[in-house]
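One structure below.
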Amino acid sequence: MKKKKVFIKGAISPEFISESIAKHQSKHSIGAHNIFLGQVRADEISDRTVEAIEYSCYEELADKKLFEIRESTFEKFDLTCMHIYHSLGLVKAGEICFFVFVSSKRRKEVYEATEYVVNRVKEDVPIFGKEIFKDQSHQWKVNS
Amino acid sequence: MKKKKVFIKGAISPEFISESIAKHQSKHSIGAHNIFLGQVRADEISDRTVEAIEYSCYEELADKKLFEIRESTFEKFDLTCMHIYHSLGLVKAGEICFFVFVSSKRRKEVYEATEYVVNRVKEDVPIFGKEIFKDQSHQWKVNS
Amino acid sequence: MNDMITIKYFGEIAEAINCKEEQIAAKSDNLSELIEELNEKYNLKRFPMIIALNQNRIELNDDITIKNNDELAILPPFAGG
Amino acid sequence: MNDMITIKYFGEIAEAINCKEEQIAAKSDNLSELIEELNEKYNLKRFPMIIALNQNRIELNDDITIKNNDELAILPPFAGG
């Protein structure tokens, strides 16, 4: 099982994203990229405002699930490349915590492939998020 | 009719994309971004390899169509922001010529909104592409 | 008659006829007749083409009247993205 | 018996029971009985939870045997993205 780097300490910076894009410019068979970015929202929950989310994960199981997701994504879709990055630790409101990057010869399949990867990561990868409010109280994030 | 800047001289750089992403980090109601990037492929066509595409457009009609696309995209989808950028002039193989950026509170609609915008731009905006081969011969690009 | 019409050509069509823009005095105020005139001049029928009058896409079989200072565009199929 | 089992807790569960990892000598080699033991110790039933044994997600009603050095994980619902 080849392990790819997925987890990033803190927020995923716009510069990290542009470097990932730049790395794909030498691949001249790629015609279409699709990128999903998850950004931390300053949600208001019963009068408290989310200031940051602190992410943690069960890394051994996460790696295994991410490997399975990679395998089945390449089986289902005709892709040139696929990358997944997710933050661990503190990510402030407005910062990016989740980055899925799918590339293909043609545009047709990229949208669906991105949606598939995003959904699989949310459902199957053991990641946990503590929503920290401005008053320093917190609650645990639940995916809807 | 408010005119938004869409056309960019030459390739769209990864830095331009990261700056666009960074500008959205102050919008704390956004939870999901979806980005489509069109990249020039070095296609082989009867033994000649595409080295670059030179884009031109009928700008007055393009602006009008882009305005219509914006209007109907915001009508159809629940989005916070939407941006379209397309290159004019020379874009080399591996470089990015088309950038669609859609942001929303939640992820649900962003994939379909991106696909809708990409398809509308391809179908309705009068942009023309001259595929220039390594031997400096050329042919006119036809969308499939 | 003799309205002055600006005609713009794009992409492969502009290249083939070696003209991007011209102004002509139309012999008739009927668009189809003007286009027929351009067809004869440039053999435009060899191209698939899209027509726009004053930045509005139109169908060639529409019975459209042109007037002085109108802008007609002769466009090949779009190829953005 | 008395196999040593490593138990890892995550997220809200780890916070509530104030424990991220512990090793215990299981009184039985049956997983359900081990989980029942942990339930009694920590009142885990108040949480929706997901169980993984040696990095494999399992269903609690499965009749599973545990052995020395197994790693059991008690996980709250996933919330990535």
Side-chain angles (χ1 to χ4, degrees), chain A residues 11-44 49-51 80 91-119 122 143-144, chain B residues 11-44 49-51 80 91-119 122 143-144:
Chain A
I12 297 167
S13 70
E15 292 72 31
F16 180 87
I17 297 161
S18 70
E19 281 160 26
S20 297
I21 295 168
K23 276 181 200 159
H24 288 77
Q25 300 207 305
S26 58
K27 301 201 177 180
H28 288 183
S29 65
I30 293 175
H33 304 287
N34 194 246
I35 291 172
F36 178 88
L37 302 173
Q39 184 167 299
V40 173
R41 277 197 315 270
D43 276 351
E44 263 198 52
T49 305
V50 172
E51 190 172 67
T80 315
V91 183
K92 283 182 246 162
E95 291 183 329
I96 289 159
C97 58
F98 186 24
F99 170 25
V100 172
F101 188 5
V102 157
S103 309
S104 179
K105 194 167 181 342
R106 293 176 189 283
R107 74 187 193 279
K108 201 174 145 279
E109 295 199 5
V110 293
Y111 318 98
E112 206 193 322
T114 303
E115 184 169 9
Y116 174 80
V117 174
V118 169
N119 289 345
K122 290 198 168 237
N143 276 354
S144 50
Chain B
I12 298 166
S13 70
E15 293 72 31
F16 180 87
I17 297 161
S18 70
E19 281 160 27
S20 297
I21 295 167
K23 275 181 200 158
H24 289 77
Q25 300 207 305
S26 58
K27 301 199 176 180
H28 289 184
S29 64
I30 293 175
H33 303 287
N34 193 243
I35 290 172
F36 177 87
L37 302 173
Q39 184 167 299
V40 172
R41 277 196 316 270
D43 277 349
E44 264 198 50
T49 305
V50 172
E51 190 172 66
T80 314
V91 183
K92 284 183 244 160
E95 291 183 328
I96 289 159
C97 58
F98 186 25
F99 170 26
V100 172
F101 188 5
V102 158
S103 308
S104 179
K105 193 168 182 339
R106 295 176 187 283
R107 74 188 192 278
K108 201 175 146 279
E109 295 199 6
V110 293
Y111 318 99
E112 207 194 321
T114 303
E115 184 170 8
Y116 174 80
V117 173
V118 169
N119 290 345
K122 290 199 168 237
N143 276 356
S144 50

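Naming convention: chains lettered A, B, ... in sequence-line order (proteins, then strands); numbering from 1 in each chain.
Within residues 98-107 of chain A, the residues having any heavy atom less than 4.5 Å from a heavy atom of chain B are, in residue-number order, A:Lys105, A:Arg106, A:Arg107. For residues 16-25 of chain A, the interface with chain B (any heavy-atom pair closer than 4.5 Å) comprises A:Ile17, A:Ser18, A:Ile21, A:Ala22, A:His24, A:Gln25, sorted by residue number.
For the pair A:Asn34 and B:Ile35, the tightest heavy-atom approach, listed with the atom from each and the gap, is ND2-O, 3.0 Å.
In this structure, the portions of A:Thr114 lying under 4.5 Å from any heavy atom of chain B include both its backbone and its side chain. In this structure, chain B has a heavy atom under 4.5 Å from the side chain of A:Val110, while its backbone stays farther away.
Looking only at heavy-atom pairs under 4.5 Å with chain B, the residue among A:Cys97, A:Ser26, A:Gly38, A:Ser29 that has the most is A:Ser29. Most heavy-atom pairs under 4.5 Å with chain A, from the set B:Ala32, B:Ala42, B:Gly31, B:Ser13: that is B:Gly31. In terms of non-hydrogen atom pairs under 4.5 Å with chain B, the most contact-rich of A:Glu15, A:Glu95, A:Gln39 is A:Gln39.
Taking NE2 from B:His28 and CD from A:Glu51, the interatomic distance works out to 10.0 Å, rounded to the nearest 0.5 Å.
No more than 12 heavy atoms of other residues, nucleotides or ligands shown are found within 6.0 angstrom of NZ on B:Lys92.
At distances below 3.5 Å, not a single donor-acceptor pair connects side-chain atoms of B:Glu115 with backbone N or O atoms of A:Glu112.
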